[in-house]
Amino acid sequence: VRGAPGLNTAARPGLPLSPRKTPPVPLWNRLLLWLLPLLPRAFVRWVAGPYIAGETRAEAVETVAALNRDGAVATVDVLGEDATVPAHIDSAVAEYRALVDAIVAEGLKATVSVKLTQLGLRLDRGECERALESIVGHAATACEGGVFVTIDMEDHTVTEATLAIYAAVRAKYANVGPVLQAYLFRTPGDIDRIVSTPVTVRLCKGIYVEPADVAWKDTEAIRESYRAALEKLLRLGANVGIATHDEQLLAWVLPFLARVRTARDRYEFQMLLGVTPGLRQMLLRRGEQVRVYVPYGRDWYAYSLRRLRENPAIAGHVTRQFFARFIG
Ligand SMILES: Cc1cc2nc3c(=O)[nH]c(=O)nc-3n(C[C@H](O)[C@H](O)[C@H](O)COP(=O)(O)OP(=O)(O)OC[C@H]3O[C@@H](n4cnc5c(N)ncnc54)[C@H](O)[C@@H]3O)c2cc1C
């Protein structure tokens, strides 16, 4: 991960990170989560506001510029998934290419993130690969060193195809990297595959609801798998974007990185826009590189539902926002 500042955690004041149990999700939260898809889209948009930069590229540029001023870097995602007609693929490619140009023109410290189903993975695999290559190729020559492109990982039915397309495009361009999901049983094997070529990979837990025969379900098992995957990736020479807001996991990661003396350009932390900004600030204050995932676009609905579903404090958050906006 280029430009990541280093870390000697042992020598720095500790984060207020202490292992603690994940509290059970209260009944009111569970009810609200269940109701979300039935609620008006305008309400979902309002509640999901903090997770999205806006609907336009200009709003994304503004958000990234503010993050850069704050000391964070970014990766920008054009919202959208599951292209159903070829025209969707063309407009996604055009928007990504324009986004890359905007990043370069504005001098932003940002990469881009892209979902392959948005580029037609379920429609036509060859077309999808050509579309990704068009974005990555454009990003490679947009500026010195190129703009890095991360391929988001979607549900397990497309993992194999996503990694195959990554490998094909990586064979031509160095400015592209995959995401691995710690909850998948297959991830240790996928690590062996991807490290055969120098790789910059994002490691996350995984967000999709997966069947029990392909993924860990238990919180602790997922954390354990995450720790093992991170250790393995670093040992085998990968650069890693450590994408998590889990304080309990970070309480292990920080001393681990110091213990194995991980070079400063081998890792960075990654967080989602609108999630745990306090934690982000703490990492920045410690001199860590933190990359914030900044989504924008008109297709905000599916992304917003996923973000809201994983927010354990959603009911309190909604109530607070409601009172702040309409009563406070
Ligand atoms: C930069 C980035 C990119 C990602 N890309 C992918 C991808 O390509 N594919 C994929 O499957 N998943 C992706 N994810 C999502 C990831 O897999 C997890 O679902 C998500 O990060 C929550 O897991 P966690 O490790 O933060 O731990 P959790 O235990 O889920 O969360 C830890 C704490 O973070 C806070 N938190 C987490 N989510 C929210 C939220 N939505 N709102 C408010 N607070 C919250 C809560 O305080 C929670 O207790 C990405 C995550 C990040 C940070």
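Indexing begins at 1, ligand by ligand and atom by atom, following the structure's order.
H88 and D82 are not linked by any side-chain donor-acceptor pair at a separation below 3.5 angstrom, with hydrogens and angles left out of the test. When only modelled atom types and interatomic distance are considered, Y96 and D101 share no side-chain donor-acceptor pair under 3.5 Å. Side-chain atoms of Y183 and D218 include no donor-acceptor pair closer than 3.5 Å.
The aromatic rings of Y267 and F269 stand perpendicular to each other, their planes meeting at an angle above 60°, with 30° marking the opposite boundary. Taking the six-membered ring where tryptophan is involved, the planes of W216 and F185 are perpendicular, since the angle between them exceeds 60° and thus also 30°.
Here K205 has heavy atoms under 4.0 Å from ligand 1 in both its backbone and its side chain. For T276, every heavy-atom contact with ligand 1 shorter than 4.0 Å involves the side chain, none the backbone. Only the side chain of V275 comes within contact range of ligand 1, with a heavy atom under 4.0 Å; no backbone atom does. Under 4.0 Å from ligand 1, not a single heavy atom of E154 appears. Within the 4.0 Å heavy-atom criterion, the part of V179 lying near ligand 1 is the side chain and not the backbone.
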query = Where do R202 and T75 land on the side-chain contact (heavy atoms from CB on, under 4.5 Å) test, with the steps shown first?
reply = CA-CA 11 Å; R202 174 192 304 151; T75 185; 3.9 Å; yes

key: Pair R125-E129, salt bridge (Lys or Arg N to Asp or Glu O under 4.0 Å): steps then yes or no   = CA-CA 6 Å; R125 196 165 144 172; E129 187 176 320; 5.9 Å; no

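Note: an N/O pair closer than 3.5 Å links H245 and ligand 1 by distance alone. Ligand 1 has no nitrogen or oxygen under 3.5 angstrom from a nitrogen or oxygen of R291. The distance criterion of under 3.5 Å between nitrogen or oxygen atoms is met by Q181 with respect to ligand 1. For Y183, no nitrogen or oxygen atom sits less than 3.5 Å from a nitrogen or oxygen atom of ligand 1, counting backbone and side chain alike. Residue contacts with ligand 1: R223 is placed with no nitrogen or oxygen under 3.5 Å of a nitrogen or oxygen of the ligand (distance criterion only). Of the polar atoms of L272, none of the N or O atoms is found under 3.5 Å from an N or O of ligand 1, judged by distance alone. No N or O atom of Y293 sits closer than 3.5 Å to an N or O atom of ligand 1.
Interface of D246 with ligand 1, defined as ligand atoms under 4.0 Å from a residue heavy atom, comprises 26 (O), 27 (O), 32 (C). If you number the atoms of ligand 1 from 1 as listed, the ones under 4.0 Å from a heavy atom of A243 come out as 2 (C), 52 (C), 53 (C). Taking every heavy atom of Y208 and a limit of under 4.0 angstrom, the matching atoms of ligand 1 come to 11 (O). Every atom of ligand 1 with a heavy atom of T244 under 4.0 Å away is listed here by number and element: 24 (P), 25 (O), 26 (O). Heavy-atom proximity to G206, at under 4.0 Å, picks out these atoms of ligand 1: 11 (O), 16 (C), 17 (O), 19 (O). Near D152, the atoms of ligand 1 lying under 4.0 angstrom from a non-hydrogen atom of the residue are 8 (O).
Counted within 6.0 Å of NZ on K232, heavy atoms from surrounding residues, nucleotides or ligands total more than 12; the atom is thus considered enclosed.
Checked against the 6.0 Å centroid criterion, the rings of W46 and F43 qualify as a close aromatic pair.
Using a 4.5 Å cut-off on side-chain heavy atoms (C-beta onward), R45 and S304 make no contact.
Ion pairing of R57 with E62 is absent here, as no side-chain N (NZ or NE/NH1/NH2) approaches a carboxylate O to less than 4.0 Å. A salt bridge between E220 and R223 is present, with a side-chain N of the basic residue lying under 4.0 Å from a carboxylate O of the acidic one.
Using a 4.0 angstrom heavy-atom cutoff, Y226 does not count as in contact with ligand 1.
Nearest-residue assignment for atom 8 (O) of ligand 1 (options Q270, M153, E210, M271; heavy-atom criterion): M153.
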